[in-house]
> 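The structure's right below; bear with me while I get my questions together.
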Amino acid sequence: MTEQTTIQHPYILKVALDVPLDGVFDYRSDTPLQAGQRVLVPFGPRKQVGIVVGTASESDIAPARLKSIIRHFDQEPALDAEFFSLLKFCADYYQYPYGQALLAALPARLRQTEPAQARQQFCYWLNAVGLAAGLDMLPARQVVQRRIFSALLEHGRLREADLAELSPGWRKGLAALSELGWIEQEQVYAGLRSILHASSVQPELNAEQSYAVQSVLQQRNEFRPWLLHGITGSGKTEVYMCLLQAILAGNEDQALVLVPEINLTPQLEARFRSRLPEYSLVTLHSNLSESERLQNWRLAQTGAARIVIGTRLSVFAPMPRLKCIIVDEEHDTSYKQQDSMRYHARDVALVRAQRRNIPIVLGSATPALETWHNAQVGRYGLLSLQQRAVSQSQLPQVKCVDVSKVQMQDGLSLPLVKALKTRLERGEQSLLFINRRGYAPVLLCNACHWIAPCMRCSSRLVVHLRQGCLRCHHCGHEQKIVRQCPSCGNPDLHPTGHGTQRLEEVLVKLLPEARILRVDRDSTRRKNALDHMLAAVHAGEVDILIGTQMLAKGHDFPNLTLVGVLDTDSALFSPDFRATERLFAQLMQVAGRAGRADKAGEVLIQTTLPEHHLFNALRGQDYAAYASGILQEREIAQFPPYEFLALVRAEANDYAPVQGFLQFAAEAAREMGSAALVYDPVRPQMERLKGMERGQLLMQASSRQVLQQLLRQLTPQMRAHPLSNRVRWNVDVDPQEF
DNA sequence: AGCACGCCGACT
DNA sequence: GTCGGCGTGCTC
């Protein structure tokens, strides 16, 4: 009986599954599937998609318990060995189950139980009938049809993406032309070059840029990390493009460009497409539909896409001929995944480059201190771009306004108001930059100093006057504005603090003739709202922009000559040791917004600490001076990059099990005789979040190896602890904040 | 993580 | 009598 089953299914497959368990699972199969193939298997009472990670002739599992796979998907291209080994490394390093790590790195379509069909895209052109026809044969009111016809006439073949750029109603217009019998179509790769954009202009590189490109090229066949350090406007993107041009020319090789999780991908994509039109390019980011994502991922996997521009997750995209990795804005915090497997895409990219023996370029105006440190000690090559590519533009003048010494009106200092007035008179634009944190208005009782709290989080509710409600920015809880103080009965409650809405009202009062635009999460919630707003700024329809982080990067506003920074103190006084350097990076970036064309820019910063060395460094746009100061502090305080950290985070409905669990973890860790320092469990800044009581345990060591060895022993012990099912917990290696 | 099994309280 | 609360334990 058993023998018969064995004969029917002679092969044993090692299958990884999306379950929070260590190890892989054995299944029988009647075909010898190769590693990297997808299978559907029975798992307990349900079916699961798994990935074959290997084959065997025997299994440790009793034959009676061994099940057979339900089906396999061998028509799909198999995952390569590099994919497995990179995710194995990450699963180990970040203390995350291997199967879950593997499955999470796949496009969602490949985690579903159906065979995955990538969307097929087409390109279109005019056939003989169409070419013989003329524009005048189309009714004048059929604007879309006429536009498509003209474009096809001019460019020959167009992709769907090109047509979509002509008009949102292109499908209907094209269908009408098709109906006339004018159109031919053929399936293409979505990522093939854009014809509309192809205008390959080769700009001159300056000496620094050429040096950077040549340096990387000289060691193009070995693992070599480079820090490309260049201030805003110094032409980092041009360096990337020239480098890729040289690396990809005359071969079938591939390059990966990682970008932060912001809406800048389209701009970068357009630049790469027009500058490198001869190479097929795909993007991988969260705005793609699942079918597009699968298609682009497949193009990367098969090697058809020569350039992949993608966010965090695309660091895992299989690329058989990968020869170079670029990490743009490498300091950006969005490279760190903040749930499930808490990997850092920049660090994973470094590991990947090392294993492939290829160069990797990390670009930033304000590098992460770890990166800067590595460049200083010679582990990374340092490539500096000091000149601004737009030569006539000058560095902005940076001035501090001591808010404890000057007259203030509703959060605005007199010098700032004056400066705004001057720009208004000159017809120039201004930007008021707000750090949301210190600027959210709260509901305060003047009698007993009660402040409306969130019931589910240890945070304060934010007043939204327009909607007449109080809202928690952490959990989304919303309630009506209370009229009476629940603590002392005082009926006189006031919103205090200067929200973006309040600030807008104040400005309208002070500068009634100014056209003001507020750009924040509330005002850009509608789709495309941000694009429309940016367009309005470019068109000169706006005098004063009020905005948060969103405005710090990306677009150039040539007529913008003043940047006012309203709140710096909440970051300067924050207990989080990374808060000041994030503020510095932000200010470097906003300062870059001012005076980018031929007009001199001015940056006015309101602060109570005008003497802070951060502002001096900012004044000279001197990252190096700032970084060396901070690095000294870090070395004395024994913080990263001199020490390595890991954090166990835990949460539950009550604190008791959290406390118990973390206490156990701390004791277990200490008993291991590791050189690592194990702190006591503490409560984080945000003690309660979404109704969950939180706690955390910090561990610190002078090398990654020591920390890794500790975690390798500790995590299984934590998993085996009875409380581990009663609390939600995870391990965060190299945490960004705590 | 799911999902089943299992053993105790308030309902048609 | 049974519907359903969530504790415990397993998944090749």
Side-chain angles (χ1 to χ4, degrees), chain A residues 1-73 84 87-88 90-91 94-106 108 110-114 337-343 648-658 660-661 664 690-693 715-732:
Chain A
M1 193 67 190
T2 321
E3 249 174 53
Q4 250 186 356
T5 340
T6 316
I7 289 160
Q8 271 179 332
H9 303 284
Y11 302 103
I12 305 284
L13 303 180
K14 303 271 176 196
V15 177
L17 296 171
D18 186 9
V19 285
L21 302 167
D22 270 333
V24 292
F25 298 83
D26 292 359
Y27 286 90
R28 292 184 218 274
S29 163
D30 50 8
T31 43
L33 292 176
Q34 57 168 316
Q37 219 72 63
R38 239 153 50 88
V39 287
L40 186 65
V41 295
F43 188 69
R46 65 214 138 106
K47 295 172 184 175
Q48 285 248 343
V49 170
I51 299 172
V52 179
V53 300
T55 52
S57 50
E58 281 174 43
S59 171
D60 295 339
I61 301 297
R65 283 179 61 205
L66 212 52
K67 294 182 184 173
S68 295
I69 65 166
I70 298 168
R71 61 161 301 179
H72 54 84
F73 303 88
F84 288 117
L87 281 145
K88 181 77 176 96
C90 289
Y94 293 107
Q95 302 296 314
Y96 199 73
Y98 180 42
Q100 287 196 296
L102 275 178
L103 271 292
L106 296 180
L110 295 182
R111 277 174 269 153
Q112 287 162 5
T113 55
E114 300 305 308
Q337 170 93 31
Q338 289 296 8
D339 53 33
S340 51
M341 186 168 77
R342 304 174 87 103
Y343 65 95
V648 181
R649 302 172 198 272
E651 61 177 29
N653 288 321
D654 341 281
Y655 189 59
V658 174
F661 181 69
F664 161 77
K690 298 180 187 179
M692 300 290 263
E693 303 291 339
T715 315
Q717 286 198 32
M718 291 197 293
R719 216 168 287 169
H721 189 85
L723 278 173
S724 71
N725 299 322
R726 311 223 40 223
V727 300
R728 286 205 340 216
W729 62 278
N730 58 54
V731 180
D732 191 350

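All values below come from the heavy atoms of this structure, side chains included, with hydrogens, waters and symmetry mates left out. Chain letters run A, B, ... following the sequence lines, proteins first, then strands; residues in each count from 1.
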> Closest to the A/Val19 side chain: C/dC12, B/dA1, B/dA4?
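Ranking C/dC12, B/dA1, B/dA4 by closest atom to the A/Val19 side chain puts B/dA1 first.
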
> For A/Pro97 and A/Asp22, work out which heavy atoms get closest and say how close.
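Distance-wise, the nearest heavy atoms are CA-OD1, 4.3 Å.
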
> Rounded to whole Å, how long is the line connecting atom CG of A/Leu21 with atom P of B/dA1?
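Distance check: A/Leu21 CG to B/dA1 P gives 10 Å.
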
> For A/Arg46 and B/dA1, is the shortest distance between a side-chain N/O and OP1 or OP2 below 4.0 Å?
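So the side chain of A/Arg46 is outside the cut-off, no N or O lying under 4.0 Å from OP1 or OP2 of B/dA1.
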
> Kindly give the heavy-atom pair with the smallest separation between A/Val658 and A/Glu693, and that separation in Å.
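Closest pair (atom of A/Val658, atom of A/Glu693, distance): CG2-O, 3.6 Å.
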
> Tell me, do A/Met718 and A/Val731 make a side-chain contact under 4.5 Å, heavy atoms counted?
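Side-chain contact under 4.5 Å: yes.
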
> B/dG2 P sits how many Å from A/Asn725 CG, rounded?
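A/Asn725 atom CG is separated from B/dG2 atom P by 14 Å.
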
> Roughly how many Å is it from CG in A/Asp26 to C1' in C/dT11, rounded to a whole number?
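To the nearest whole Å, that distance equals 13 Å.
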
> Taking any heavy-atom pair under 4.0 Å as a contact, classify A/Leu17: base, sugar-phosphate, or nothing.
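Touches nothing.
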
> What's the CZ-P distance between A/Phe25 and B/dG2, to the nearest Å?
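Between P of B/dG2 and CZ of A/Phe25: 14 Å.
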
> Return the value, rounded to whole Å, for the distance between atom OH of A/Tyr27 and atom P of C/dT11.
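Rounded to the whole Å, the gap is 11 Å.
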
> What is the distance, rounded to the nearest whole Å, between atom CG of A/Leu40 and atom P of C/dC12?
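Whole-Å distance recorded here is 13 Å.
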
> Heavy atoms only, 4.0 Å cut-off, all strands: where does A/Leu66 land among base, sugar-phosphate and nothing?
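Since only primed, P, OP1 and OP2 atoms lie under 4.0 Å of A/Leu66, the category is sugar-phosphate.
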
> Calculate the interatomic distance between A/Gln100 atom CD and C/dT11 atom P; express it in whole Å.
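Answer to the nearest Å: 18 Å.
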
> Base, sugar-phosphate alone, or nothing: which one does A/Phe43 contact when heavy atoms must sit under 4.0 Å apart?
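Base contact.
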
> For a quick test of reading the model, state the closest non-hydrogen atom pair linking A/Leu723 to A/Pro657 and the distance between them.
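For A/Leu723 and A/Pro657, the tightest heavy-atom pair comes out as CD1-O, 3.8 Å.
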
> Going through the distances and angles, do A/Val41 and A/Lys67 end up as a side-chain contact (heavy atoms from CB on, under 4.5 Å)?
CA-CA 8 Å; A/Val41 295; A/Lys67 294 182 184 173; over 6 Å; no

> For A/Arg726 and C/dC6, give me the distance from atom CZ to atom P, rounded to whole Å.
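To the nearest whole Å, that distance equals 12 Å.
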
> Among B/dA1, B/dC3, C/dT11, which is the nearest nucleotide to the side chain of A/Pro20?
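Between B/dA1, B/dC3, C/dT11, the one nearest the side chain of A/Pro20 would be B/dA1.
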
